[in-house]
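Written below as structure tokens is the structure these notes are about.
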Amino acid sequence: MTKNIMEFLISTFTIFTALMSSGGFIIDSAFTNAIKQNSESVEEIEVRVENVPTHNIVKGEVDSIKLAVRGWGLRENFRLDVLELETDPLKFDFSRIREINRETWREIIQSDINVGIRTVMTEDDLNAIVRSPRALEIISSSIPPSSPEGFELEDVSLDLRPNQRIRLNTIARSQTPGVRVDFSIEFGIELIGGQRLKIVEPQGTFNGRPISQELLQGFTQNLNMRLDLNALQRFGVIARLLQLDIADENIGMSALIHVPNR
């Protein structure tokens, strides 16, 4: 999860720099190309730079940048159905804006970066993530063992459930020929202090039989360690989750992100 968030932030930041380097002229095709160059796919884009007076952009000042994207595939297996964001005022060295990259941005951006974000991911988007190689590796290492030879995952799926709950279904094949297992776990997700998500009230079955709470706790503890946004601080990013909504067909999330300039 942390890796996906960082890739999302880097892609968004690169788009901002392309946007500012245009000198303030709002050219839809230029913005569209900047986003597409940092994406696997995108369906709809709206970008707006707000500045009063407008000539302040050449002085290196922007009041706000607003971005709305629909159907944004940042990379393979990572797609956002909706992204909406808005920045606080930004200051930057306009003469060097075309030089900006991951190494130089702290020299060129002369203010902290504060961004409000709202995202929506569909059930299909989430299933693409859990079927990615890295997610399969994490899930495989978390499945409660039932025999010494272990299992290899064949299929994984997520179902969004009522009451802020999610069901994870897996089918695995044993190293013993002809032996397959069905592992299912359903759980709720709570937002804790704006800094982390916590899996709560897990219930699960293994080949149709209830899984003990002891094994379920081991599974959830492994995942909970990966849902802590404090891990982003080692990249110089402070994130605070404001809202999490799980509906029948999608998950919505709102957050504030702060990137100190120094």
Counting C-beta onward and ignoring hydrogens, is there a side-chain heavy-atom pair between [X] and [Y] closer than 4.5 Å?
{"X": "Arg131", "Y": "Ser157", "answer": "yes"}
{"X": "Ile251", "Y": "Asp125", "answer": "no"}
{"X": "Ile199", "Y": "Gln221", "answer": "no"}
{"X": "Leu126", "Y": "Leu160", "answer": "yes"}
{"X": "Ile211", "Y": "Pro202", "answer": "no"}

Is it the case that one hydrophobic cluster holds both [X] and [Y], taking links as side-chain heavy atoms less than 4.5 Å apart, direct or via other members?
{"X": "Leu191", "Y": "Ile189", "result": "yes"}
{"X": "Leu227", "Y": "Ile185", "result": "yes"}
{"X": "Leu67", "Y": "Val237", "result": "yes"}
{"X": "Leu215", "Y": "Phe206", "result": "yes"}
{"X": "Leu85", "Y": "Ile113", "result": "yes"}

So, [X] side chain and [Y] main chain: donor-acceptor pair closer than 3.5 Å or not?
{"X": "Asn114", "Y": "His258", "value": "no"}
{"X": "Asn127", "Y": "Asp124", "value": "no"}
{"X": "Asp182", "Y": "Asn207", "value": "no"}
{"X": "Gln164", "Y": "Leu244", "value": "yes"}
{"X": "Ser111", "Y": "Lys91", "value": "yes"}
{"X": "Asp81", "Y": "Val120", "value": "no"}
{"X": "Arg240", "Y": "Gly193", "value": "yes"}
{"X": "Glu86", "Y": "Lys66", "value": "no"}
{"X": "Ser64", "Y": "Thr87", "value": "yes"}

Heavy-atom count around Glu46 CD within 6.0 Å, excluding the residue itself: above 12?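 No.
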Where is the tightest heavy-atom contact between [X] and [Y], given as atom of each residue plus distance?
{"X": "Ser254", "Y": "Arg118", "value": "OG-CG, 3.8 Å"}
{"X": "Met121", "Y": "Phe78", "value": "CE-CE1, 4.2 Å"}
{"X": "Arg79", "Y": "Gly71", "value": "NH2-CA, 3.3 Å"}
{"X": "Ile129", "Y": "Ser132", "value": "O-OG, 2.6 Å"}
{"X": "Asn224", "Y": "Leu197", "value": "OD1-O, 4.0 Å"}
{"X": "Gly194", "Y": "Leu229", "value": "O-CD1, 4.5 Å"}

Step-by-step side chain to side chain contact (heavy atoms under 4.5 Å, CB included) determination, Gln203 to Ser184: CA-CA 8 Å; Gln203 299 175 346; Ser184 177; over 6 Å; no
With rounding to the nearest 0.5 angstrom, report the [atom1] to [atom2] distance, [X] to [Y].
{"X": "Ile166", "Y": "Leu158", "atom1": "CD1", "atom2": "CG", "result": "6.0 Å"}
{"X": "Ile65", "Y": "Asp88", "atom1": "CD1", "atom2": "CG", "result": "11.5 Å"}
{"X": "Leu241", "Y": "Gln195", "atom1": "CG", "atom2": "CD", "result": "8.0 Å"}
{"X": "Phe187", "Y": "Lys198", "atom1": "CZ", "atom2": "NZ", "result": "14.0 Å"}
{"X": "Glu84", "Y": "Ile117", "atom1": "CD", "atom2": "CD1", "result": "11.0 Å"}
{"X": "Glu123", "Y": "Ile246", "atom1": "CD", "atom2": "CD1", "result": "11.0 Å"}

Can you tell which of Val130, Thr170, Val156 makes a side chain to side chain contact (heavy atoms under 4.5 Å, CB included) with Leu136?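 Passing option: Val156.
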Sidechain N-carboxylate O distance under 4.0 Å for Arg196, Glu190: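 Here Arg196 does not pair with Glu190 in a salt bridge, since their nearest N and O are not under 4.0 Å apart.
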So, are Glu201 and Arg165 salt-bridged, with charged N and O less than 4.0 Å apart?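 A salt bridge is present here (some side-chain N lies under 4.0 Å from a carboxylate O).
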